[in-house]
Protein chains: 2
Amino acid sequence: MKAPVNGAGSNLTGDNNGEGDEKKSVINPELWQTCAGPLVNLPAAGTHVVYFPQGHSEQVAASMKKDVDSQIPNYPNLQSKLLCILHSVTLHADPETDEVYAQMTLQPVSSFDKEALLRSDLSMKINKPQTQFFCKTLTASDTSTHGGFSVPRRAAEKIFPPLDFSMQPPAQELVARDLHDTVWTFRHIYRGQPKRHLLTTGWSLFVSGKRLFAGDSVLFIRDENQQLLLGIRRANRQPTNLSSSVLSSDSMHIGILAAAAHAAANNSPFTVFYNPRASPSEFVIPLAKYYKAVCSSQISLGMRFRMMFETEESGTRRYMGTITGISDLDSVRWKNSQWRNLQVFILDCVFSLVLAKMGGLK
Amino acid sequence: MKAPVNGAGSNLTGDNNGEGDEKKSVINPELWQTCAGPLVNLPAAGTHVVYFPQGHSEQVAASMKKDVDSQIPNYPNLQSKLLCILHSVTLHADPETDEVYAQMTLQPVSSFDKEALLRSDLSMKINKPQTQFFCKTLTASDTSTHGGFSVPRRAAEKIFPPLDFSMQPPAQELVARDLHDTVWTFRHIYRGQPKRHLLTTGWSLFVSGKRLFAGDSVLFIRDENQQLLLGIRRANRQPTNLSSSVLSSDSMHIGILAAAAHAAANNSPFTVFYNPRASPSEFVIPLAKYYKAVCSSQISLGMRFRMMFETEESGTRRYMGTITGISDLDSVRWKNSQWRNLQVFILDCVFSLVLAKMGGLK
DNA sequence: CTGTAGGCTCCCGGCCGACAA
DNA sequence: TTGTCGGCCGGGAGCCTACAG
């Protein structure tokens, strides 16, 4: 297996040498990132990371809508967290649903030096290029067969090529590519009273082709070459409990643990998939991030914290919260795992968010 | 976990207590069997079976279109075949694709007595009730939006309720339920010059709802209560490589082996899924069938054999063949597994079938 | 500024028999 | 016996403006 160790700068690779997709099309990293959302941060290839089998297991449970059973055997030699080199990160999108996910090849290592920590820290500080984009949640009118897509004025002016306003009405043909490099063309027209931007011809093909419904979101970005790209974010529907007809969830969880245990015992590489929108758990953490969380700032009851949330318009928003409890979720199986320490943040924060909403605050 | 040990007679249970499907609808066993095809024979719940981890692994590889990697660790304590009690067999159908599959709960046992062998043998000899049905491969005209479905004359007369021929033209409304108990209604009319049976109104909804294309098959059966049921069999398209975004194929294969090894070590139950149309490998074999194959008739080079094949019209057809080679596929990992002995039959037979076709024989 | 509804047009979904394989 | 085609009719997909939140 190839093990390209890149510098800290190349934190996103679009190479597609993984299993699954047959097409050779290279996923556009900017589009992938935009579809994944602003909160998703992939570790950089070639840097050190900490892998949490427990968190990995949780993601599979979430995507199958099934809790972890008690039938799973213990792997006494498998630690709750594995220090690894991240050999490669490749970006993917489900050909059916356009769901974005990443494939990571990890190799357990026994120790790290100061330089590794420094590189991990550096890679986190690389600013992602702020791609120009807009994202709109589809209305009933947008998805009905009766009409087209109403483009928010600011969005059209920021992202779309400028119209020739000498035409009556001003109109042009837009060409945009999706994650699979499929080309979609739309008639973009500026008309009506009051005037507005609309996508008409071609829009309904896109809606039916992607099986979009009101509540789903569509996003357009303009890449560095001024090319128009588009992607989707589906509303949180029930997981399609994929793959439940192939492998029992028990076998899946055992497979995760056994694969990690085998890799740890042999220091051999192994492969995981990370679905940023399937579950909130980031189970592959940059070494520097882990180090800071554990060493520098001790977590204690009553401590206050800030947390980012993704808003509907795909911006970010900060909320304050307080830690109300700290415990290991499964202290028998995972001694001193620190996994739930991180989780406590999220749960508590969602809870305070709910309280704030109930209280009518904003 | 419940472990209902039924008599040999109840070889198909429609109980749905498995994971995956949320709906409580009970799968009709006759319809499931018809969709699975005439060659599929599920072992009876409560009887003894032999489980082949290697064959199970092959099914997963087939449904993911990925060969087994060499990264898989050895499980020195896992035998190539496990004697098990089959606690339960539940029938399922994928809610998206209607693909049929079965969930089986197995429990390794260390030995069996004469009565167990007898029961296994008896359960195999239970004749399945020969359900009245017909199956037709859809033509371009059947699936085009331009028209309806042309029903073969014999099929209509055998399966559909008789028309009132005093009407001009004779017509009626057909109501049929699918595997998910969804109701489909069609206008059945007998018209044209020459006269023929057609399904018109309602047909296109069915085609688009099930996403059928020319080459796929549709089948109608009449159950014991004279109710009309219908199902589909999709043409062999490339596997939709389900679930490749959830778990790496390595982890899946490890999961299968580790789950089996764990169950064997503890004599604890485990769960497998069997997709009859995803791969030809039956990896859960009735004890009696295994016993006969291994003990009574020794297999040798040059031996001639007969084999059943499924024809397009879902009948069966016999072909003759000769065994040209016997070997273990992976004799290092699976010592004396006998798995490929069975496989040799199939490969050789397909090969001779190809030769026959190339030679213009029929 | 933008979501929804009403109006209008015309394309294609869908029912028919003709014809030939 | 049955697959495909040309004919044809009508409903709805799809483009437009009006209006209101």
Side-chain angles (χ1 to χ4, degrees), chain A residues 134-160 167-174 184-209 212-218 312-313, chain B residues 134-160 167-174 184-209 212-218 312-313:
Chain A
F134 81 86
C135 177
K136 185 197 175 191
T137 300
L138 299 177
T139 67
S141 299
D142 290 330
T143 50
S144 102
T145 57
H146 192 59
F149 173 63
S150 182
V151 190
R153 181 187 196 85
R154 298 269 182 89
E157 289 170 352
K158 185 170 67 169
I159 302 300
F160 292 162
M167 298 172 70
Q168 279 313 321
Q172 66 181 336
E173 184 179 69
L174 291 185
W184 302 90
T185 63
F186 307 102
R187 175 174 167 82
H188 170 208
I189 193 168
Y190 185 70
R191 63 163 170 75
Q193 201 49 250
K195 294 274 180 269
R196 76 192 60 187
H197 292 272
L198 296 165
L199 299 188
T200 58
T201 310
W203 174 251
S204 71
L205 273 180
F206 179 72
V207 168
S208 60
L212 295 174
F213 299 93
D216 295 337
S217 300
V218 66
E312 280 187 8
E313 301 76 23
Chain B
F134 81 86
C135 178
K136 185 197 174 190
T137 300
L138 299 178
T139 67
S141 299
D142 289 332
T143 50
S144 102
T145 57
H146 193 58
F149 174 64
S150 183
V151 190
R153 182 186 195 85
R154 300 270 180 89
E157 288 170 354
K158 185 170 68 171
I159 302 300
F160 293 162
M167 298 172 71
Q168 279 311 323
Q172 66 181 335
E173 185 181 68
L174 291 184
W184 301 90
T185 63
F186 306 104
R187 176 174 169 83
H188 169 209
I189 194 168
Y190 184 70
R191 62 161 172 78
Q193 201 49 253
K195 294 274 181 269
R196 74 192 60 188
H197 292 271
L198 296 164
L199 299 189
T200 57
T201 311
W203 174 252
S204 71
L205 273 180
F206 178 72
V207 169
S208 60
L212 295 173
F213 299 93
D216 296 337
S217 300
V218 65
E312 280 188 7
E313 302 74 24

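What's counted below: heavy atoms across the whole structure, side chains too, no hydrogens, waters or symmetry copies. Lettering of chains follows the sequences in order, A, B, ..., and the numbering in each one begins at 1.
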Residue whose closest nucleotide on DNA chain C lies nearer the 5' end, B:Arg196 versus B:Gly202: B:Gly202

Are [X] and [N] close enough that a side-chain N or O sits under 4.0 Å from OP1 or OP2?
| X | N | answer |
| --- | --- | --- |
| A:Thr201 | D:dG14 | no |
| B:Arg153 | D:dT1 | yes |
| B:Thr145 | C:dG14 | no |

Knowing that exactly one of B:Phe186, B:Tyr190, B:Phe134 qualifies, which makes a ring pair (Phe, Tyr, Trp, His ring centres under 6.0 Å) with B:His197? B:Tyr190

Could you state the atom-to-atom distance from [atom1] of [X] to [atom2] of [N] in whole Å?
| X | N | atom1 | atom2 | result |
| --- | --- | --- | --- | --- |
| B:Leu198 | C:dG13 | CG | C1' | 16 Å |
| A:Arg191 | D:dT17 | CZ | P | 5 Å |
| B:His146 | C:dG17 | NE2 | C1' | 11 Å |
| A:Gln193 | C:dC1 | CD | C1' | 12 Å |
| B:His197 | C:dC15 | NE2 | P | 18 Å |
| A:Trp203 | C:dG3 | CH2 | P | 12 Å |
| B:Phe149 | D:dG3 | CZ | P | 9 Å |
| B:Lys136 | D:dT1 | NZ | P | 14 Å |

Base, sugar-phosphate or nothing for [X]? Non-hydrogen atoms, less than 4.0 Å.
| X | answer |
| --- | --- |
| A:Ser144 | nothing |
| B:Pro194 | base |
| B:Lys195 | base |

Taking the minimum atom-to-atom distance to the side chain of A:Ser141, which one of D:dT4, C:dT4, D:dG14 wins? C:dT4

